[in-house]
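Down below is the structure, laid out as structure tokens.
Sequence lines set the chain letters: A, B, ... in the order given, protein chains first and strands last, and positions in each chain run from 1. Nothing here was measured: the structure is a model prediction, and the numbers come from that model.
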Amino acid sequence: MAEVRLRCAPNPNGPWHIGHARMGAVIGKYADRYDGWMLCRFDDTDPATKRPSLQAYDQILDDLAYLGFKPDEVLRASDRLELYYEHARDVIELGGAYTCSCPAGEFSERKSAGEACPHRDRPIDESLAAFDRMVAGEFSAGDRVLRIRTDLEAPNPAERDWVAFRMVDEPHPREDAAADRCWPLLDFQSAIDDHHTQITHIIRGKDLQDSVARQGYLYEYLGWEYPTVLHWGRISVDEYEFPLSTSTMGERIEAGDLTGWDDPAAPTLQSLKRRGIRGAAVTDALAELGVSESDVELSMSSIYARNRERIDPIADRYFLVRDGTRLPLVGDVPATAEPPKHPTDEERGNRTIPVGDAVRIEPGDLPAHGERVWLKGLGCVRAMREALELTGDSIEVVRDGDVPVIHWVPAGGAIPVTIRMPTGDSTGLAEPSFAEVDVDDVVQFERVGFARVDSHARDESIVYFAHN
RNA sequence: GCUCCGUUGGUGUAGUCCGGCCAAUCAUUUUGGCCUUUCGAGCCGAAGACCUGGGUUCAAAUCCCAGACGGAGCACCA
């Protein structure tokens, strides 16, 4: 069987959000499954309206690596203009393209009416000469384009004499391409590249579904065979207030609504990574959406469930109390509590919590007067007036079912923690030994949720909340 | 307006091409129980779907027609 060759063709205008990740995840998975070949091709042919960002090339490769994939080859369209020009000349010579100076609006009206413009039947030599002047940068934006001659009576207006090259005044941000002014549009560039890189299967969004018909004319002129193509529908994600849009997020960062691409509220891969979510969990959840053409809504819980499987076995447990209420302890108070770091992995050993003379517990856990709760790792206490009294009850009272087990921190020595969540920041106090957890480790705050340790400072630690 | 496409539980998905074994798969979600010094972990159980209306057929999620709803394209964006 012939090799499966796939490509992932992002526009490098920003780091990836979850929608882009679907492209990486599905294409990467397919490449792996069929032991195929994968190209990452940066379609950076619009220096003006979809202006590439210089950092994005590497960011996207990082995003791809986060998802678990390394492309076999990386190309930038902006390096390949000569190739596109060559083929453009070929197509002109075959009578399949002509240069046109109609204003866009005017052409559009003609197109809707199915009428040819005056340039359509100009001599080939004339188009060839004009195209060379385009390549030489002798025109300005809007003055001249190269159109592919298709069928003006094609039922779908999207197919009719589409633009293959146009002039762009703005220099490309990449230095190597900054002098070029004549740029191909996606349908042309992508068609040429897909053929040259021998792509066997194109997988892309249905926003490009009409490209098959458009590019079909080009492939016909050149005598090439079109790859197999699959389209998927729109993806949306629950739990996020921000749309899956690079430009919108860029604006919100600019406006200060987001602290950056890795803000927990941003639906980006950088954000998920910072929250301690494993790329493989994202990939699996996204790949499971498949390639159906219907629109899909991804539940973040699907990513969380897959991440939980991965991090639950490795996350050490700690106590963290939010909005803690301070309560003195009375009775026979032990010096330390020593709950295990992990409920099933005993080899990790125990934490040591100096108890002191008071604890903090969450308001929702506060027992009514006279009721008992079990402070995990410490023992059973009964709520007195303004204090908790150690009762000395054995664990049997928990097994009997009347005494809930709750988490707590000592009132002295607890570590202030800022918890950064998609819904905003929150604060809490963690048990003292949390200070020793390495940055970048993922922990489970018992009964609160999983979080990645982002930084430790003298006065506070910062964690990014993953999910519960 | 023109042209494409889609519609299976809350979410996603299998099944649709080649009608029957589909009183519809799996995951997530919600939920009951057990276990457990947390649990969102583990084990056992439960809930919840074929867009609507016609037609063809012994038999339709699957084929045909119509409609509804949803989406995409008709850019000198990708």
Side-chain angles (χ1 to χ4, degrees), chain A residues 9-13 42-46 48-52 77 100-105 107-108 111-112 114 139 141-147 154-160 162-168 182-187 189-190 204-214 231-238 246-247 284-290 292-306 308-309 312-313 315 317 319 337 339-340 342-344 374-380 394-399 403-407 444-450 467-468:
Chain A
N11 175 343
N13 64 347
F42 291 106
D43 285 352
D44 54 349
T45 55
D46 183 355
T49 60
K50 290 233 168 144
R51 190 171 175 76
C100 170
S101 55
C102 294
F107 186 89
S108 176
K111 179 171 73 174
S112 300
F139 299 107
D143 290 349
R144 198 67 52 107
V145 298
L146 182 75
R147 292 187 183 281
N156 186 347
E159 292 176 27
R160 301 173 191 165
W162 48 275
V163 175
F165 286 83
R166 84 312 205 173
M167 304 304 298
V168 180
C182 177
W183 288 92
L185 280 98
L186 176 76
D187 280 318
Q189 173 263 120
S190 174
R204 63 187 171 202
K206 71 177 180 184
D207 47 327
L208 264 15
Q209 59 192 348
D210 288 338
S211 289
V212 182
R214 282 201 280 245
H231 294 116
W232 59 53
R234 268 163 58 114
I235 180 174
S236 57
V237 186
D238 65 359
T246 304
S247 54
D284 286 351
L286 253 11
E288 200 184 62
L289 296 180
S292 108
E293 285 192 42
S294 44
D295 298 343
V296 297
E297 176 174 293
L298 173 70
S299 292
M300 285 304 291
S301 61
S302 166
I303 290 179
Y304 298 156
R306 285 168 179 76
R308 197 140 50 217
E309 281 173 17
D312 183 74
R317 271 56 172 171
F319 293 149
H342 194 278
T344 53
W374 187 281
L375 299 182
K376 191 176 183 205
L378 213 190
C380 186
S394 83
I395 193 61
E396 292 305 323
V397 300
V398 170
R399 295 209 173 105
V403 178
V405 176
I406 67 166
H407 62 288
Q444 184 193 128
F445 289 123
E446 299 197 36
R447 305 212 304 140
V448 174
F450 293 93
H467 48 76
N468 56 17

Quiz prompt | For A:Arg234, side chain to side chain donor-acceptor pair (under 3.5 Å) partners two or more places apart | solution = none

Exercise. Give one of base, sugar-phosphate or nothing for A:Asp207, where a contact means two heavy atoms less than 4.0 Å apart.
Key: base

Self-check item: Proximal nucleotide (of B:A75, B:A78, B:G40) relative to the A:Thr45 side chain
Solution: B:A78

Practice problem: Could you tell me whether A:Ser211 contacts a base, only the sugar-phosphate backbone, or nothing, with contacts defined as non-hydrogen atoms closer than 4.0 Å? | Solution: nothing

Practice problem: Using atom NZ of A:Lys206 as one end and atom C1' of B:A72 as the other, report the distance to the nearest whole Å. | Solution: 5 Å

Quiz item: With a 4.0 Å cut-off on heavy atoms, is A:Glu159 in touch with a base, just the backbone sugar-phosphate, or nothing at all?
Solution: nothing

Exercise. Dump the intermediate steps for side chain to side chain contact (heavy atoms under 4.5 Å, CB included) on A:Thr45 and A:Leu185, then the final yes or no.
Key: CA-CA 7 Å; A:Thr45 55; A:Leu185 280 98; over 6 Å; no

Quiz item: Between B:G40, B:G71, B:C74, which one does the side chain of A:Arg214 approach most closely?
Solution: B:C74

Quiz item: With a 4.5 Å limit on heavy-atom distance, are the side chains of A:Arg308 and A:Asn468 in contact?
Solution: yes

Practice problem: Starting at atom CG of A:Leu185, determine the distance to atom C1' of B:C74, rounded to an integer number of angstrom. | Solution: 15 Å

Self-check item: Heavy-atom side-chain contact between A:Val212 and A:His231 under 4.5 Å
Solution: yes

Quiz item: Which is true for A:Val448 with a 4.0 Å heavy-atom rule: it touches a base, it touches only sugar-phosphate, or it touches nothing?
Solution: base

Review item, nucleotides 9-11 of chain B N/O atoms under 3.5 Å of protein N/O:
| unit_1 | atom_1 | unit_2 | atom_2 | d |
| --- | --- | --- | --- | --- |
| B:U11 | O3' | A:Glu297 | O | 3.4 |
| B:U11 | O2' | A:Glu297 | O | 2.8 |
| B:U11 | O2' | A:Ser299 | OG | 3.2 |

Quiz item: With pairs taken as Watson-Crick or G-U wobble and both distances under 3.5 angstrom, which stems of at least three consecutive pairs involve RNA chain B?
Solution: B:1-7 with B:68-74, B:10-12 with B:26-28, B:29-34 with B:42-47, B:51-55 with B:63-67

Quiz item: Which residues satisfy the side chain to side chain donor-acceptor pair (under 3.5 Å) test with A:Thr49, sequence neighbours excluded?
Solution: A:Asp46

Practice problem: Would you kindly give the CG-to-P distance between A:Leu289 and B:U28, to the nearest whole Å? | Solution: 15 Å

Quiz item: When we call it a touch if two heavy atoms are under 4.0 Å apart, what does A:Arg160 touch: a base, just sugar-phosphate, or nothing?
Solution: nothing

Quiz item: Considering heavy-atom distances to RNA chain B, does A:Ser292 or A:Asp295 have its closest nucleotide positioned more toward the 5' end?
Solution: A:Ser292

Exercise. Measure the spacing between CZ of A:Arg160 and CZ of A:Arg147 and express it to the nearest 0.5 Å.
Key: 13.0 Å

Practice problem: Pick base, sugar-phosphate or nothing for A:Pro103, based on heavy-atom distances below 4.0 Å to the nucleic acid. | Solution: base

Quiz prompt | Residue A:Pro157, side-chain heavy atoms: nucleotide from B:C77, B:C39, B:C74 that is nearest | solution = B:C74

Quiz item: A:Gly142 near the nucleic acid: base, sugar-phosphate alone, or nothing, with a heavy-atom cut-off under 4.0 Å?
Solution: base

Practice problem: Evaluate the salt bridge (Lys or Arg N to Asp or Glu O under 4.0 Å) criterion for residues A:Asp43 and A:Lys50: first the C-alpha distance (whole Å), next the side-chain angles of each, then the deciding distance (0.1 Å), finally the verdict. | Solution: CA-CA 10 Å; A:Asp43 285 352; A:Lys50 290 233 168 144; over 6 Å; no

Practice problem: Look at all strands and tell whether A:Pro10 reaches a base, only sugar-phosphate, or nothing, counting heavy atoms closer than 4.0 Å. | Solution: nothing

Exercise. Give A:Cys380 one of three labels, base, sugar-phosphate or nothing, depending on what nucleic acid heavy atoms sit under 4.0 Å from its own.
Key: nothing

Quiz item: Less than 4.5 Å apart, any side-chain heavy atom of A:Trp232 and any of A:Ser292?
Solution: no

Exercise. Determine the contact category for A:Asn468: base if any of its heavy atoms lies under 4.0 Å from a base atom, sugar-phosphate if only primed atoms, P, OP1 or OP2 are that close, otherwise nothing.
Key: base

Quiz prompt | Partner residues of A:Thr344 under the side chain to side chain donor-acceptor pair (under 3.5 Å) criterion, sequence neighbours left out | solution = A:His342

Quiz prompt | Side-chain touch A:Val145/A:Phe107, heavy atoms, less than 4.5 angstrom | solution = no

Quiz item: Which one, B:U29, B:C39, B:A72, comes nearest to the side chain of A:Gln209?
Solution: B:A72

Quiz item: Nearest to the side chain of A:Ala104 - B:U37, B:C76, B:C2?
Solution: B:C76

Practice problem: Can you tell me the distance, in whole Å, between the CD atom of A:Glu288 and the P atom of B:A14? | Solution: 9 Å

Quiz item: So does A:Lys111 get a side-chain nitrogen or oxygen closer than 4.0 Å to the phosphate oxygens (OP1/OP2) of B:A75?
Solution: yes

Quiz item: Do A:Asp187 and A:Asp210 touch side chain to side chain, with heavy atoms closer than 4.5 Å?
Solution: no

Quiz item: Taking only residues two or more places apart in sequence, or in another chain, which ones meet A:Lys206 in a side chain to side chain donor-acceptor pair (under 3.5 Å)?
Solution: A:Asp295

Quiz prompt | Pairwise C1' distance for B:C34 and B:A41, with rounding to whole Å | solution = 14 Å

Quiz prompt | Atom-pair distance (CZ on A:Phe165; P on B:C77), nearest Å | solution = 13 Å

Self-check item: Nearest-neighbour nucleotide for the A:Arg308 side chain, B:C76, B:G40, B:U38 considered
Solution: B:G40

Exercise. Determine the contact category for A:Arg399: base if any of its heavy atoms lies under 4.0 Å from a base atom, sugar-phosphate if only primed atoms, P, OP1 or OP2 are that close, otherwise nothing.
Key: sugar-phosphate

Quiz item: For A:Gly233, which contact category applies under a 4.0 Å heavy-atom criterion: base, sugar-phosphate, or nothing?
Solution: nothing

Exercise. Quick one: label A:Asn156 by what it contacts on the DNA or RNA (base, sugar-phosphate, nothing), any heavy atom closer than 4.0 Å.
Key: base

Practice problem: Examine B:G40: is either OP1 or OP2 under 4.0 Å from a nitrogen or oxygen in the side chain of A:Arg447? Give yes or no. | Solution: no

Self-check item: Euclidean distance, atom CD1 of residue A:Ile303 to atom P of B:A27 [Å, nearest integer]
Solution: 19 Å

Self-check item: Atom pair distance, as rounded to whole Å: CG in A:Leu186 and P in B:G73
Solution: 13 Å

Exercise. Would you mind reading off the distance between A:Trp374 atom CH2 and B:U37 atom P, rounded to a whole angstrom?
Key: 9 Å

Exercise. Name the closest nucleotide to the A:Ala305 side chain, picking from B:U29, B:A78, B:G73.
Key: B:U29

